[in-house]
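Worth saying up front: this structure is predicted, and the values here are computed from it rather than measured. In listed order, ligands and their atoms are each counted from 1.
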Amino acid sequence: MTLLELADVRAFYGRVQVLEGVSLTVPEGGAVGILGANGAGKTTTLRAVSGTVRSTGTIRFDGKDLRGLRPDQVAALGIAHVPEGRGTLSDLTVRENLRVGAYRRKDAKAIRADVDYCLELFPQLADRIRSNGSALSGGEQQMLAIARAIMARPRLLLLDEASLGLAPSTAKAVYQAIGRLRTESGIAMVVVEQNANLAFTLVDSATVLETGRNVLTGSTAELKGMDEIRRAYLGG
Ligand code: ATP
């Protein structure tokens with residue numbers, strides 16, 4: 001079953017068109033990567049889904065047309081966006097940030113259980129539970145941003161450059177936790193990542209964008225076997 005379908009999506013900042021027809025299919029429980037150089041349109045593709053940039057074309061989630069919906073309406077359907085730069089709230093503690101993630105929910109007992117699950121998934125956050133967002137390291141902020149998204153109990157997670165600015169070992173730990181989340185929760189994911197080696201540890205398939213268009217799409221195994229992917233993205 002297809003959960004998210006993008007077909008011929010074009011997106012615009014004012015009059016400037018930056019997506020020239022992007023397509024993407026995410027099956028229920030699947031994880032799909034978006035690779036590509038700076039400025040290729042990866043972030044904008046996620047924004048088109050979450051309703052934060054103007055777009056045309058087809059964007060369907062669970063059979064519903066998302067175009068024209070406000071970001072809060074998209075979120076209410078079960079899509080959580082972890083933006084580049086993380087967007088955690090610096091004046092709130094880790095625990096308060098997690099509660100913010102659950103603000104649509106009323107099930108207090110399940111919310112507490114989900115906080116416990118997030119702290120198990122990211123043990124570093126458990127040690128920082130009373131710290132303000134501003135006091136966290138980059139890696140901890142990234143973990144908190146993901147945990148806050150989990151607290152909304154989404155069906156689809158949009159992850160933008162989760163490894164950006166992190167030490168390699170921290171980036172690896174973050175991706176291991178996301179992989180565990182995927183296995184345990186079945187949340188579907190769209191994973192924007194410049195580090196293809198990391199993305200390939202998580203996703204089943206990926207598409208490569210160049211100047212706002214798909215130039216290659218395939219399973220992780222297919223892409224890893226392609227010379228142009230190895231040269232451009234895998235350092236080989
Ligand atoms: P990066 O890794 O640098 O974020 P990306 O592949 O995610 O790259 P986008 O951020 O989607 O690329 O940007 C696509 C194009 O849109 C770029 O040319 C960028 O300069 C332009 N762009 C991005 N945000 C805006 C904005 N708010 N206003 C105008 N142009 C923008």
Sole residue of [options] in side-chain contact (heavy atoms from CB on, under 4.5 Å) with [X]:
X	options	answer
I146	L121, V174, L125	V174
T220	V203, L202, T201, V32	V203
L166	Q141, E161, Q142	Q142

N/O of G41 under 3.5 Å from N/O of ligand 1, yes or no? yes

Just to confirm my output: which protein heavy-atom neighbour is closest to [atom], and how far is it?
atom	value
atom 10 (O) of ligand 1	T43 CB, 3.5 Å
atom 19 (C) of ligand 1	G39 CA, 4.9 Å
atom 22 (N) of ligand 1	Y13 CE1, 3.5 Å
atom 3 (O) of ligand 1	N38 OD1, 3.2 Å

Using only heavy-atom distances, determine whether the side chains of N132 and E96 contain a donor-acceptor pair under 3.5 Å. no

Proximal ligand 1 atoms for [X], defined as those under 4.0 Å from one of its heavy atoms:
X	value
A40	5 (P), 6 (O), 12 (O)
Q194	2 (O)
E84	4 (O)
T44	9 (P), 11 (O), 13 (O), 14 (C)
A37	6 (O)
R47	24 (N)
V18	15 (C), 16 (O), 21 (C)
E161	2 (O)

Would you say D72 has more than 12 foreign heavy atoms packed within less than 6.0 Å of its CG? yes

Hey, is CZ on R95 packed in by over 12 heavy atoms from elsewhere, all under 6.0 Å? no

Any chance you could measure K106, atom NZ, to R104, atom CZ, to the nearest 0.5 Å? 10.0 Å

Hey, mind stepping through K42 and E193 against salt bridge (charged side-chain N to carboxylate O under 4.0 Å, His left out) and telling me if it holds? CA-CA 8 Å; K42 306 181 297 297; E193 190 46 79; over 6 Å; no

Does the protein put a heavy atom less than 4.0 Å from atom 17 (C) of ligand 1? yes

Are the side chain of E84 and the backbone N or O of D160 linked by a donor-acceptor pair below 3.5 Å? no

Salt bridge (charged side-chain N to carboxylate O under 4.0 Å, His left out) between R153 and D107, worked out: CA-CA 11 Å; R153 286 250 174 140; D107 45 346; 5.1 Å; no

So is G36 in contact with ligand 1, going by heavy-atom distances below 4.0 Å? no

